[in-house]
Amino acid sequence: MRASFVFSEVITGLRRNVTMTIAMILTTSISLLLLGGGLLVVRMIDKMQDRYHDKVEVAVYLTKDVSANDRDCGKDPCAALRSSLETNGQVDSVVYENQEKSFERFKRSFEGNPELVQLTRPEALPATLWVKLKNPERFDAFQKELAGKPGVDRVADQGAFLDRLFSLLNGLRNGVFAIALLQALAALLLISNTIQLSAFTRRTEVGIMRLVGATRWYTQLPFLLEAVVAGLVGAVLAVGMLFGFKSLFIDTVFAAPIRAGVFPKLGLADVAYVSPILVLVATVISAVTGYVTLRLYVRL
Amino acid sequence: MIRLEHVTKVYKTSTRPALQDVSVQVDKGEFVFLIGPSGSGKSTFLRLLLREDVPSKGLVEVADWDVAKLPRRRVPKLRQRIGCVFQDFRLLQNKTVAENVAFALEVIGKPRHTIKKVVPEVLELVGLEGKADRMPTELSGGEQQRVAIARAFVNRPLVLLADEPTGNLDPDTSQDIMLLLERINRTGTTVLMATHDHSIVDSMRRRVVELQLGRVVRDDRRGVYGVGR
């Protein structure tokens, strides 16, 4: 088969329906952009899970009485509590944090909010035993075990906050994927429609080619490649927009939380990691759509 | 070379069969006219040979191919061995004369150097040397038909089917085209030509198969158009 023949047919085909081609490329690229955005969120979640997983700790807040009187956990009930935790098979490590240290950490966490720090007295913060569980999933059982023991005020899972954060991000990802899917459907129908239109405008020519003995494959490959070329252009456009989106939006709007370490930094490498996936998806989807359309709707 | 046995073709939308119990045999190297008024089934006859349609009943054979039973993917192979020429020429409008002829060779995967050699030869045979680089729209009807014949003949088909090839041409040009078809026939190619041009059929004195309302009503070894009417 002549490469030049196929190539020139593809170019003519794309130029003939220029408006449809543009519509096809734009919908494809927007759909891929959303997909790429979703994939970036997924990567962000992965990074955050890596980062936070080993930091997730259980806070055992101690009663006011213990907090006020025990600076180094040397007396019962604190000492007894600590030694029982240290021998507990589920516990990885235990660290005691007295009122002053709690207050220092509080000041650090809220250094952006000096009024709050001024209003807070060290006595208002409880002394805490920071416990790291071997298996953070077992928090519920652990909490039941400790509840009501002497000196224990409250047991809190720091993971609960992270869970909320993650569920927010997961929701964001799902939303983006849902829109991407709808948009992909639109792109799919447009690709199918464009191919049908292309085949229709060239039905006489194709009919002649078939009469001379051209195979179906020979006459239809240009239509298929038209779809793939449009898909690829869409993918390239989407990748470009993704890079633009990264430097114009993520790097500016999320600059503060990224610096503060709440969100992990999304680098160009992450976008570069996502890009080939988009190109691959675009190629496969447009090729499959094209093939199915030609099989089902185009009788030439 | 061509064999139809008890062939019936019924179109879904029509009450009367387009062809009814038609049996015709054409031997290798024959020149046969297929005549009859519009709607008599000539075009259907040719469509069946090209596998543009399948018969409702009966056997269609072209050069040992059981055409009706040919799987779809083998159809191109059949068409590559049949040349066809139409009243409306059916040239690729965006290709030059030479490219149109070359296309029939490209399709069957002939190497480029063969194409380069063969195309000018065939164009010379049909009398179009020097017009290789013209576009179809720049040619007269007769010239366009010559291009179509060149394309049909270029890979030496076993059979040449012509559906009213002179239908759009004036008598003199028609005569030239007939001479060309005759010359092709003399190379051993079987020619089957559907027409209702009286003068051509009468002057050639070749075998005539006449269809009426989908039935064969006459098959003369050396016929004329209007016998018995």
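So that the names make sense, note that chain A is the first sequence line, chain B the second, and so on, each numbered from 1.
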Counting only heavy atoms closer than 4.5 Å, note whether [X] contacts chain A via side chain, backbone, both or neither.
{"X": "B:I108", "answer": "neither"}
{"X": "B:Q93", "answer": "neither"}
{"X": "B:K77", "answer": "neither"}

Is any side-chain heavy atom of [X] closer than 4.5 Å to a side-chain heavy atom of [Y]?
{"X": "B:N94", "Y": "A:E205", "value": "yes"}
{"X": "A:V212", "Y": "B:R151", "value": "yes"}
{"X": "A:R216", "Y": "B:P76", "value": "no"}

Which heavy atom of A:G213 sits nearest a heavy atom of B:R79, and at what distance?
-> CA-CB, 3.7 Å

What are the two closest heavy atoms between B:L91 and A:I208, and how far apart are they?
-> O-CD1, 3.6 Å

So, the part of A:L211 with a heavy atom under 4.5 Å from chain B: the answer is both

So CE of A:M209 and CZ of B:R90: to nearest 0.5 Å the spacing works out to 14.5 Å

Measure the OG1-CZ distance between A:T215 and B:R72 for me, rounded to the nearest 0.5 Å.
-> 12.5 Å

Check the surroundings of atom [atom1] in [X]: do more than 12 heavy atoms from other residues, nucleotides or ligands lie under 6.0 Å from it?
{"X": "A:Y291", "atom1": "OH", "result": "no"}
{"X": "B:K95", "atom1": "NZ", "result": "yes"}
{"X": "B:Y11", "atom1": "OH", "result": "yes"}

